[in-house]
Amino acid sequence: MKIALGSDHAGFPLKREIMEHLKTKNIEFKDFGTFSEDSCDYPDFAERVGEQVASKNYEFGILVCGTGIGISISANKIPGIRAALCGDTFSAHASREHNDANVLALGQRVVGSGLAMDIVDTFLNAEFQGGRHKKRIDKITMIENKYSK
Ligand code: RB5
């Protein structure tokens, strides 16, 4: 499993903790920035990570900003990206099982680091259930195709 990581300045410290956490689990990852707490714009990093996941270079993405909102909205503009903003472990496994989410978004100003690591583990260990959910994912793709230029 290969993970693409990204954050803005507000998510940078939590992203660093997540990287340390992934190392302890021997999970391969690459950080697509930002690389400091200097002010920057979250769409830039959502785009970098989203492109990597949409092109299947990486299986999953993890994005962090202050709330997780801006960075998830941005990532979801990329066709093929299903970014789920999760603040609890129930949403984290449901986002994989029901929505086949391929990007996890977190808000550093919202979740503590202990909960964030549990959310990451839950997301990465859950599997898409297919079946009736597949039809719904196909409908998401149809909406994407309808509005793509
Ligand atoms: C940055 O101050 C903050 O607006 C950003 O990290 C994020 O929370 C936006 O959704």
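Side chains are part of it too, since the values below use all heavy atoms of this structure and drop only hydrogens, waters and symmetry mates. Remember, it's 1-based here, ligands and their atoms both numbered in the order they're listed.
- Between Leu63 and Leu104, the closest side-chain pair of non-hydrogen atoms is not below 4.5 Å.
- For Asp88 and Ser91, the side-chain atoms include at least one donor-acceptor pair closer than 3.5 Å.
- Between the side chains of His93 and Asn125, no donor-acceptor pair is found at a separation under 3.5 Å.
- In the hydrophobic clustering of this structure, Ile18 does not group with Val103; members are Ile, Leu, Val, Met, Phe, Trp, Tyr whose side-chain heavy atoms approach within less than 4.5 Å, directly or through other members.
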Check: every ligand 1 N/O to protein N/O pair under 3.5 Å:
residue: ligand 1; atom: 2 (O); partner: Arg109; partner atom: NH1; Å: 3.4
residue: ligand 1; atom: 6 (O); partner: Asp8; partner atom: OD2; Å: 2.6
residue: ligand 1; atom: 6 (O); partner: Gly66; partner atom: N; Å: 2.8
residue: ligand 1; atom: 8 (O); partner: Gly66; partner atom: N; Å: 3.4
residue: ligand 1; atom: 8 (O); partner: Thr67; partner atom: N; Å: 2.9
residue: ligand 1; atom: 8 (O); partner: Thr67; partner atom: OG1; Å: 3.1
residue: ligand 1; atom: 10 (O); partner: Thr67; partner atom: OG1; Å: 3.2
residue: ligand 1; atom: 10 (O); partner: Gly70; partner atom: N; Å: 2.8

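- The side chain to side chain donor-acceptor pair (under 3.5 Å) contacts involving residues 7-16 comprise Ser7-Lys15, Lys15-Asp31, where partners must be two or more places apart or lie in separate chains.
- Side-chain atoms of Glu59 and Ile3, non-hydrogen and from C-beta on, never get closer than 4.5 Å to each other.
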